[in-house]
Q: 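A single structure is presented below for examination.
Please read these numbers as outputs of a predicted model, since none were measured by experiment. The chains referred to below are lettered A, B, ... by the order of the sequence lines, with proteins before strands, and numbering in each begins at 1.
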Amino acid sequence: MAHYNFSDIEAKWQKRWESDQLFKTEVDHTKEKFYLLEMFPYPSGKLHMGHVRNYSIGDVAARFKKMKGYNVLHPMGWDSFGLPAENAAIKNGIHPNIWTWENIAEMRSQLKLLGISYDWDREIATCHPDYYKWMQWIFIKFFENGLAYKKKNPVNWCSSCQTVLANEQVVDGSCERCGTGVGKKDLDQWYLKITDYADRLLGDLDKLDGWPDKVKLMQKNWIGKSIGAEVGFKFEGLDKTLNVFTTRPDTLFGATYMVMAPEHPDVRGLISGTPYEAAVDSFLSKLQSMSEIERSSTTLEKEGAFLGRYALNPITGKQIPVYIANYVLMDYGTGAIMAVPAHDQRDFDFAKKYNLEIIPVIKPLDSCIDINDLKEAFNSDGILINSGSFDGMSSSEAKTRIIAFLAESKSGQESINFRLRDWLISRQRYWGCPIPMIYCDECGWVPEKEENLPVLLPTDVVFTGKGESPLTTSKTFMHTPCPKCGKQGTRETDTMDTFLDSSWYFLRYVDPHNEKEFFSQEKAKYWMAVDQYIGGVEHAILHLLYSRFFTKVLYDLDLCPVDEPFKKLLTQGMVLKDGSKMSKSKGNVVSPEEIIERFGVDTARLFILFASPPEKELEWSDAGVEGSYRFLNRVYRIVSELNTQTIDVSGPILINNEDEKQLNFVLNTTLKKVTEDVGERFNFNTAISSIMELVNELYRYREVENLNLPLVKDVLKKLVLILSPFVPHISEELWHLTGHEGYLYNQSWPEYNADALVKDYIEIVVQVNGKVKEKLNVPSGLSRTEFEDLILSHDTVNALLIGKEILKVIPVPDKLLNIVIK
RNA sequence: GCCGAAGUGGCGGAACUGGCAGACGCACACGACUCAAAAUCGUGCGGUUAUCCAUGCGGGUUCGAGUCCCGCCUUCGGCACCA
């Protein structure tokens, strides 16, 4: 008998699928669409198991939806700008462009071995000018609408590499490339105004029913909305006000000192020429000598310096000393706080160190804490004390009343703050999308004209890994006429953060070859939003938040039909080996290529999908892979063996005896379970286990005399159909072997027959006081009383009850009966 | 420190609205086939066994709890001086 020759089978069908353009998709208004997307990869050159898992999960969903009758869009592309290409250029002298395209070619061929149902005609690469032209176009839209701006701000700076680093490139406070401690440097950088969208990005999380709560919560925390008040404290003897933000206006009477961030722009003016200047300066220089990480450590002792100035409490007029301190940040709120040591632990620590006054103004509801002798700050809500006319109010009431009071005297109002900062997108890098802006002495920053896009990356650059962006070394790039006035202008030489490229790629897929628009609105209307998005949880915040931000901006500009990009999100777990993430340094990497060569891609896919539910971590097991391989052999063997008997059989399926009924029952429970597990829950592991049970049942049934061949034929056909999303190659082979035409991808998903699920007799459980005592076969579908009477009349049940007093009987028809006795 | 998730056999994991804990697979053991091995097929497989004990630990609700509630422990993840 023919045996399962996976390598021939896989090569054969992959070739046919490709030449017949099986997975090519077009807009079709007669069908409901389904847009399924896996996060596109960075072309590092090698496919790893995480990729295989990600795309296998996606392929099951895509093939299933197609068979369910949807018009499925399932594209793939490359997130191909980024640092590794440039590092390779510095290290090996290969141009990033060559390095990247070679990697793409390599990875594409590996990816094709997986047999995923991608429409390769829609392939995109973010480093291709056809793509980044539209990236630049979008950037200009942001600029024209006031959402992109340039400002000078302290950024991460590696003094050894002489370059700016993204936050992600700072690992444990050091440069990821050279290990030098990272400092801060003031640089002129481009920002996107994501803070304008903070409230909507937060509020619309509620719309995202199909997202994991975990991811929504992470975004919520990242956006970090705080409701409170901005309060102005006048400086004593100066015509100047110190504005602070607080979430606890109810503690205003407990403010005993003020703190400004060391970088606060007003500090210099307050101390200049005063006797305090020298002491403050020595504190500031101490801070400057520290690295950013040392400074931002929560365990750092709180230290500061008195400015020799006083502010006045806007309600009481009380005189309050003003400090600077290392624990107040310039880039949150107003860069200054009112310190209430009785009710904030940080202020409490500082007050203890500098012997500052601690006045309790909130009393706990249960007064078990001695509020006058605090060992630590009491930071919960409570009842106001020591607060004049506000005494006795609850914290929440006092917040409202005190804000109202401040508003009346024009010294404060309600205020909301977000921890989300504007998005710094400038990178002093070569291998990224050029920022299409030109600086002109007359006109300032002017966007490049649309007809001149894309602003191409120059090729005559030097990669030293030091200094400014490599674009400054190009002789052809920098100088260009101002698009507005025509005088000599200078191009921006920084490139964009690559997270911008990936913030809209899902939109380009709907119309990837459009040369006139970044995509046709017509097509976007049909395809958007992405119905199911699948990727690693490591993108829970940045990529997914940025994509939501872009979609909302484009929606507001009437350039996108939806304001949320991804309806449903599945965050797949990592692939582990020996309990930890596969990595070269740990030497626990399992190469997909090797597994595919030894067992075939169907086995690899099956193992990955079977061993763990998609959102959980997956522990790699070589023995488990062999188990999956064994199962596919088992399937191949029984289908081809039984097929010799059923191939020419036709006629109606008649169920005659218990064996046949049982086989038909298992077939239909499996159809139901697989349909629900794949379609509703993404529980691929249990779907597969139920298919295994069907195969086991088929092996059992094979042993009976006089096989019901029309029934067997039906089982074989449906078995192959439901296997096909998981293991498409072997399924396609068996589909044709069993005499069927066409591709499985174009077949309809088999529906279960509800009648077959009804059993005449059901095994039920008899419990006494909640413990299982007996199992009985009884007719199904009885009423509660029929069920109860039948079981209580049973001899073996009565034997359990001899000499006992029955207190209560709880019948659950078709399941169990519990008898409570004394 | 704050927020969140998860703890079930030797292992990966099932158990959907509270209703037979351990589906399916791996590993292991035994049997059949074989001169033999591999492959394959079959049987067994939480601990004890008259019974009982078992879903991290301790309580609770319920006729009945892996599932719900309260309090701990452990592990993992996110944020981290955010006023």
Q: Quick one: stems for RNA chain B, with Watson-Crick or G-U pairs under 3.5 Å, at least three in a row?
A: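 Correct response: B:1-7 with B:73-79, B:10-12 with B:24-26, B:28-32 with B:40-44, B:56-60 with B:68-72.
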Q: From the list B:A15, B:A83, B:C63, which nucleotide is the closest neighbour of the side chain of A:Thr686?
A: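 Output: B:A15.
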Q: Between A:Phe350 and A:Tyr323, does the ring-ring contact (aromatic ring centres under 6.0 Å, His included) criterion hold? Intermediate values first, please.
A: CA-CA 11 Å; A:Phe350 190 85; A:Tyr323 283 72; 5.6 Å; yes
Q: Would you name the heavy atoms of A:Ile595 and A:Ala604 that are closest together and state the gap between them?
A: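 Taking A:Ile595 first and A:Ala604 second, the nearest heavy atoms are CG2-CB, 4.0 Å.
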Q: Please give the distance between the P atoms of B:A23 and B:C73 as a whole number of Å.
A: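 Here B:A23 and B:C73 have their P atoms 34 Å from each other.
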Q: All N/O contacts under 3.5 Å from nucleotides 77-80 of chain B to the protein, with atom names and distances to one decimal?
A:
residue: B:C79; atom: O2'; partner: A:Arg419; partner atom: NH2; Å: 3.4

Q: Can you give me the closest heavy-atom contact between A:Arg784 and A:Pro813, atom names plus distance?
A: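 So the two residues come closest at CG-CG, 3.8 Å.
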Q: Within this structure, what is the CE-to-C1' distance between A:Met574 and B:A5, rounded to whole angstrom?
A: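 Whole-Å distance recorded here is 14 Å.
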Q: Is the ring centre of A:Tyr699 less than 6.0 Å from the ring centre of A:Tyr701?
A: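 Distance test on ring centres: not under 6.0 Å, no.
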Q: Between A:Ser628 and A:Phe245, which residue's closest nucleotide on RNA chain B lies nearer the 5′ terminus?
A: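 It is A:Ser628 whose nearest nucleotide is closer to the 5' end.
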Q: Can you check the A:Gln767 CD to B:G19 P distance for me, whole Å?
A: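 Whole-Å distance recorded here is 11 Å.
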Q: Counting any heavy atom closer than 4.0 Å, what does A:Glu626 reach on the DNA or RNA strands: base, sugar-phosphate only, or nothing?
A: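 It contacts nothing in the nucleic acid.
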Q: Return each pair, listed once, that meets side-chain hydrogen bond (donor to acceptor under 3.5 Å, both in side chains) where at least one residue sits in residues 215-224 of chain A; pairs must be two or more places apart or across chains.
A: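 Output for this query lists A:Gln219-A:Arg548.
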Q: Could you state the CD1-C1' distance from A:Ile691 to B:A14, rounded to the nearest angstrom?
A: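 To the nearest whole Å, that distance equals 16 Å.
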Q: When you get a sec, tell me which of B:C24, B:G4, B:C81 is the closest nucleotide to the side chain of A:Lys302?
A: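 Nearest to the side-chain atoms of A:Lys302, counting from C-beta on, is B:C81.
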Q: With the side chain counted from C-beta on, respond yes when A:Lys286 and A:Glu303 share a heavy-atom pair under 4.5 Å apart, and no when they do not.
A: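 A:Lys286 reaches A:Glu303 side chain to side chain.
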Q: Are the side chains of A:Phe378 and A:Ile362 in touch, meaning some heavy atoms are under 4.5 Å apart?
A: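 Touching, per the 4.5 Å side-chain cut-off.
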Q: Provide the distance between the two C1' atoms, one in B:C57 and one in B:G13, to the nearest whole Å.
A: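 Taking atom C1' in both B:C57 and B:G13, they lie 24 Å apart.
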Q: Heavy atoms only, 4.0 Å cut-off, all strands: where does A:Val244 land among base, sugar-phosphate and nothing?
A: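 No contact.
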Q: Which one of A:Phe631, A:Phe599, A:Trp620, A:Tyr629 satisfies the ring-ring contact (aromatic ring centres under 6.0 Å, His included) criterion with A:Phe607?
A: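 With A:Phe607 as partner, A:Phe631, A:Phe599, A:Trp620, A:Tyr629 yield a single ring-ring contact (aromatic ring centres under 6.0 Å, His included), made by A:Trp620.
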Q: Among B:C63, B:C81, B:G4, which is the nearest nucleotide to the side chain of A:Leu300?
A: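 From the listed options, B:C81 comes nearest.
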Q: Assign A:Val820 to base, sugar-phosphate, or nothing according to its heavy-atom contacts below 4.0 angstrom with the strands shown.
A: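 The answer is sugar-phosphate, as A:Val820 gets under 4.0 Å only of primed atoms, P, OP1 or OP2.
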Q: In whole angstrom, give me the gap between the C1' atoms of B:U61 and B:G12.
A: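 Rounded to whole Å, the distance is 34 Å.
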Q: May I ask you to say what A:Arg700 touches in the nucleic acid, namely base, sugar-phosphate or nothing, with a heavy-atom cut-off under 4.0 Å?
A: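 Touches nothing.
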Q: Out of B:A83, B:A21, B:G25, which has the shortest distance to the side chain of A:Ile337?
A: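 Nearest to the side chain of A:Ile337 among the choices is B:A83.
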Q: Which of these nucleotides, B:G64, B:C53, B:A83, is closest to any side-chain atom of A:Lys771?
A: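 Closest nucleotide among those given: B:C53.
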Q: In whole Å, what separates the P atom of B:A5 from that of B:G60?
A: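 About 26 Å, rounded to a whole number of Å.
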Q: Rounded to whole angstroms, how far apart are CG on A:Asn417 and P on B:C81?
A: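 Answer to the nearest Å: 16 Å.
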Q: Side chains of A:Asp814 and A:Ser780: any donor to acceptor distance under 3.5 Å?
A: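 A:Asp814 and A:Ser780 do not have a side-chain donor-acceptor pair below 3.5 Å.
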Q: CD of A:Glu774 versus P of B:U51: gap in Å, rounded?
A: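 So the two atoms are 12 Å apart, to the nearest Å.
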Q: Which nucleotide in the list B:C81, B:C26, B:A83 gets nearest to the side chain of A:Ala623?
A: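 Side chain of A:Ala623 sits closest to B:C26.
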Q: Among B:G64, B:G12, B:C52, which is the nearest nucleotide to the side chain of A:Lys773?
A: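 The listed nucleotide nearest to A:Lys773's side chain is B:C52.
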Q: Taking atom CG of A:Asp789 as the centre, report whether more than 12 heavy atoms of other residues, nucleotides or ligands fall under 6.0 Å from it.
A: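 Yes, enclosed.
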Q: Quick check for you: among B:C81, B:G13, B:C63, whose closest atom lies nearest to any side-chain atom of A:Asn685?
A: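 Per side-chain heavy atoms of A:Asn685, the pick is B:G13.
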Q: Between N or O atoms, less than 3.5 Å apart, protein on one side and nucleotides 38-41 of chain B on the other: list the pairs.
A:
residue: B:U40; atom: O3'; partner: A:Arg637; partner atom: NH1; Å: 3.0
residue: B:C41; atom: OP1; partner: A:Arg634; partner atom: NH1; Å: 2.8
residue: B:C41; atom: OP1; partner: A:Arg637; partner atom: NH1; Å: 3.2

Q: Using only heavy-atom distances, decide whether a donor-acceptor pair under 3.5 angstrom links the side-chain of A:Lys775 to the base of B:C20.
A: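 Pair found.
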Q: Have a look at B:G9 and give me syn or anti from its glycosidic angle (syn if within 90° of zero).
A: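 Glycosidic conformation of B:G9: syn.
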Q: Taking the P atom of each, how far is B:A6 from B:G31, in whole Å?
A: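 The answer is 45 Å between these two P atoms.
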Q: Please determine whether a side-chain nitrogen or oxygen atom of A:Asn696 lies at a distance below 4.0 Å from atom OP1 or OP2 of B:G25.
A: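 So the side-chain polar atoms of A:Asn696 do come within 4.0 Å of the phosphate oxygens OP1 or OP2 of B:G25, strictly under.
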Q: Distance check needed: B:G64 P versus A:Ile821 CD1, whole Å only.
A: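 Computing the A:Ile821:CD1 to B:G64:P distance gives 13 Å.
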Q: Heavy atom of residues 613-621 of chain A under 4.0 Å from RNA chain B: which residues?
A: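 The answer is A:Pro613, A:Lys616, A:Glu617.
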Q: Would you check if A:Glu697 and A:Gln662 make a side-chain contact, meaning some heavy-atom pair closer than 4.5 Å?
A: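 A side-chain contact exists here, since the closest heavy-atom pair is under 4.5 Å.
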Q: On a heavy-atom basis, which atom in A:Ala261 and which in A:Val267 lie closest, and how many Å separate them?
A: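 A:Ala261 and A:Val267 have their closest heavy atoms at O-CG2, 3.8 Å.
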Q: For residues A:Tyr332 and A:Ser226, report the shortest heavy-atom separation together with the two atoms involved.
A: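 In this case the closest contact between A:Tyr332 and A:Ser226 is OH-OG, 3.5 Å.
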Q: So what does A:Gly627 touch, heavy atoms closer than 4.0 Å: a base, only the sugar-phosphate, or nothing?
A: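 The answer is sugar-phosphate, as A:Gly627 gets under 4.0 Å only of primed atoms, P, OP1 or OP2.
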Q: Suppose the criterion is salt bridge (charged side-chain N to carboxylate O under 4.0 Å, His left out): which pairs have a residue in residues 323-332 of chain A, not counting sequence neighbours?
A: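 Salt bridge (charged side-chain N to carboxylate O under 4.0 Å, His left out) check on residues 323-332 of chain A returns A:Asp331-A:Arg421.
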Q: For B:A27 and B:U34, measure between their C1' atoms and round to the nearest Å.
A: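 Per the computed distance, 25 Å lies between those C1' atoms.
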Q: Can you tell if the side chain of A:Val678 reaches within under 4.5 Å of the side chain of A:Pro725, non-hydrogen atoms only?
A: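 The answer is no, as the side chains (C-beta and beyond) never meet within the 4.5 Å cut-off.
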Q: Which atoms form the tightest heavy-atom contact between A:Leu252 and A:Met338, and what is the distance?
A: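 Closest approach of A:Leu252 to A:Met338, heavy atoms only: CD1-SD, 3.4 Å.
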Q: Work out how far the C1' atom of B:G77 is from that of B:C81, and round it to whole angstrom.
A: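 To the nearest whole Å, 22 Å.
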Q: To the nearest Å, how far apart are A:Leu252 CG and B:A83 P?
A: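 Taking atom P of B:A83 as the reference, CG of A:Leu252 is at 17 Å.
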Q: Expressed as a whole number of Å, how far does the P atom of B:C72 sit from that of B:G4?
A: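 Result for the P pair: 15 Å, nearest Å.
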Q: Determine the contact category for A:Leu217: base if any of its heavy atoms lies under 4.0 Å from a base atom, sugar-phosphate if only primed atoms, P, OP1 or OP2 are that close, otherwise nothing.
A: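 It contacts sugar-phosphate atoms only.
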Q: Rounded to whole angstroms, how far apart are CG on A:Asp347 and C1' on B:G1?
A: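 Whole-Å distance recorded here is 16 Å.
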Q: Do A:Thr686 and A:Asp677 have a side chain donor and acceptor closer than 3.5 Å?
A: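 The criterion, which ignores hydrogens and geometry beyond distance, is satisfied for A:Asp677 and A:Thr686.
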